[in-house]
Each structure stands twice: as structure tokens, then as C-alpha cells.
Visitor: 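Starting off with a structure, shown below.
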Amino acid sequence: MEMNIKLTTVEYDSSTGKTDNPILDDIHCYQQLIGKLIYLTITRPDICFVVQELGQFMQRPKRSHWNATLRVLRYLKKSPGQGILLKRGPINTLTTFCDSDWAAFPNTRGLVTGYVIQLGESLISWKPKEQHTVSRSSEEAKYISMAGTVAKII
């Protein structure tokens, strides 16, 4: 997805007075495409977060959601060799990365966290997640992300 793009619901747009982003006429195509992308996330963890975010708008998708979905398709077309690669070799390290985005969604001001766990050079676990808790600061959001990641490792 584009950097700093914030996808919003129809209700949010109507409450803020935005009218430049119409609802799609044929939502069935959008729903089918998102379903296929969800299936593809099994082997493409690099698109998990964006597909999860786009999937939240399946009931009333707008033009911006469709454009973001087409951008994902263009990315997939340009990077067919990406995916999960389990390398053979010595396994002597466990590497973990985690991150958070405080108030990421304009609709709910929800917190988004995620982690990636590698054993050796092979990816073994990953998860983007919208948290149901409300954090008071970005530091608290980072702590929630780290706590979830450590729990997964343990």
C-alpha cells in the first residue's frame, strides 16, 4: 500500500463531510478478489497486513479500497518469486522483530501490532493484528507489541 494512506469507512466519510470517494457499484468483484488474496497470504506473508486491512471493507467498499487492492495486484505481478523460503542449513539463531502503529485506523483509532519470527534464515511465524485495547501513548503500544511477541516465542 502507499505510505501513510488511511482507508476509511463510508460512515466515517459521511461524518467528516468527504464526498470524493464513491461506493463501488459492483462489490461482488471486490469481495471475490479479497477472498483470493486471503488464500494467497498462506504463502505470501508480505501481503498479510494489507489484505487484512482491505478485508475490513468488504461490506461497503469504496473506490479507494479498489485502487489499493489493484496496487497489491501490481505488487504481486512484479514480485512472483517472493514467498516463504525454508532454507537448509545450520539453525543457530532465533530472530524476532515486532512493531506497532498507534491510532492507525481513523475509524476506530485502533492499535495495530505485528511480529515476525525467524529460525535461522527461515520465517516460521508472523502475525499482524488490530488490538482491541486502547493505549494511551505510542510507548504503551510498543510495549503491547513486545509483550505479545514474547508470549508467542515462549
Side-chain angles (χ1 to χ4, degrees), residues 1-12 21 23-24 26-89 91 93-135 138-154:
M1 273 179 43
E2 289 183 44
M3 294 280 295
N4 299 323
I5 189 170
K6 301 293 183 185
L7 299 175
T8 58
T9 61
V10 175
E11 292 79 16
Y12 181 83
N21 196 0
I23 298 174
L24 289 178
D26 183 17
I27 66 169
H28 186 68
C29 289
Y30 180 81
Q31 291 171 341
Q32 281 187 322
L33 186 55
I34 294 297
K36 291 174 183 179
L37 288 173
I38 289 171
Y39 182 73
L40 189 60
T41 61
I42 295 169
T43 58
R44 295 292 301 256
D46 52 338
I47 64 169
C48 282
F49 177 75
V50 69
V51 171
Q52 176 264 335
E53 188 170 344
L54 291 170
Q56 294 180 5
F57 304 102
M58 288 180 65
Q59 298 303 317
R60 297 181 72 191
K62 300 183 304 182
R63 174 66 55 191
S64 61
H65 305 141
W66 180 253
N67 291 339
T69 306
L70 293 179
R71 186 174 174 97
V72 172
L73 291 178
R74 285 192 298 272
Y75 167 76
L76 291 170
K77 185 177 179 181
K78 290 181 182 178
S79 59
Q82 297 291 330
I84 297 177
L85 176 63
L86 299 175
K87 291 189 177 183
R88 189 171 49 172
I91 300 173
T93 60
L94 180 69
T95 309
T96 305
F97 301 97
C98 64
D99 197 9
S100 65
D101 191 358
W102 182 51
F105 297 111
N107 306 330
T108 62
R109 298 288 180 214
L111 165 66
V112 176
T113 62
Y115 63 82
V116 173
I117 301 172
Q118 293 178 318
L119 188 58
E121 294 184 35
S122 299
L123 180 66
I124 59 169
S125 183
W126 70 92
K127 184 175 188 178
K129 182 178 182 183
E130 182 178 359
Q131 297 290 337
H132 299 291
T133 59
V134 177
S135 59
S138 61
E139 293 303 316
E140 185 179 356
K142 291 177 184 177
Y143 177 75
I144 290 171
S145 176
M146 284 192 307
T149 305
V150 170
K152 179 64 176 179
I153 292 171
I154 291 172

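Everything quoted here is computed from the prediction, not taken from an experiment. Along the sequence shown, the residues carry numbers beginning at 1.
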Visitor: Any chance you could lay out the side-chain contact (heavy atoms from CB on, under 4.5 Å) test for W66 and L33, step after step, and finish with the verdict?
Guide: CA-CA 10 Å; W66 180 253; L33 186 55; 4.0 Å; yes
Visitor: Testing the basics here: between I117 and L123, what is the closest heavy-atom pair and its distance to 0.1 Å?
Guide: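 Residues I117 and L123, closest heavy atoms: O-CD1, 3.5 Å.
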Visitor: Using the side chain to side chain donor-acceptor pair (under 3.5 Å) rule, collect all pairs that involve residues 140-154, keeping only residues at least two apart or in two chains.
Guide: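 Every candidate side chain to side chain donor-acceptor pair (under 3.5 Å) pair involving residues 140-154 fails, so no pair, neighbours aside, qualifies.
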Visitor: So L37 and L73, do their side chains get closer than 4.5 Å, heavy atoms only?
Guide: yes
Visitor: Within a strict 4.5 Å, meaning less than it, do heavy atoms of the I124 and Q118 side chains meet?
Guide: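 No, too far: nothing below the 4.5 Å cut-off.
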Visitor: Between K62 and N21, what is the shortest heavy-atom contact and its length?
Guide: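 K62 and N21 have their closest heavy atoms at CE-ND2, 3.4 Å.
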Visitor: Apply side chain to side chain contact (heavy atoms under 4.5 Å, CB included) to R71 and list each qualifying residue two or more places apart in sequence or on a separate chain.
Guide: E2, R74
Visitor: Does any pair with a residue in residues 37-46 pass side chain to side chain donor-acceptor pair (under 3.5 Å), and if so which ones, sequence neighbours excluded?
Guide: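 Side chain to side chain donor-acceptor pair (under 3.5 Å) check on residues 37-46 returns R44-D46, R44-S79, D46-Y75.
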Visitor: Applying side-chain contact (heavy atoms from CB on, under 4.5 Å) to L54 and Y30, what does each step give before you reach the verdict?
Guide: CA-CA 10 Å; L54 291 170; Y30 180 81; 3.6 Å; yes
Visitor: For atom CD of Q59, decide whether the heavy atoms of other residues, nucleotides or ligands shown that lie under 6.0 angstrom number more than 12.
Guide: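 Open: at most 12 neighbouring heavy atoms sit under 6.0 Å from CD of Q59.
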Visitor: Can you see which heavy atom on Q31 is nearest to which on M58, and at what distance?
Guide: NE2-O, 2.9 Å
Visitor: If we only count heavy atoms from C-beta on, is the C98 to T113 side-chain gap below 4.5 Å?
Guide: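 Sidechains of T113 and C98: no contact.
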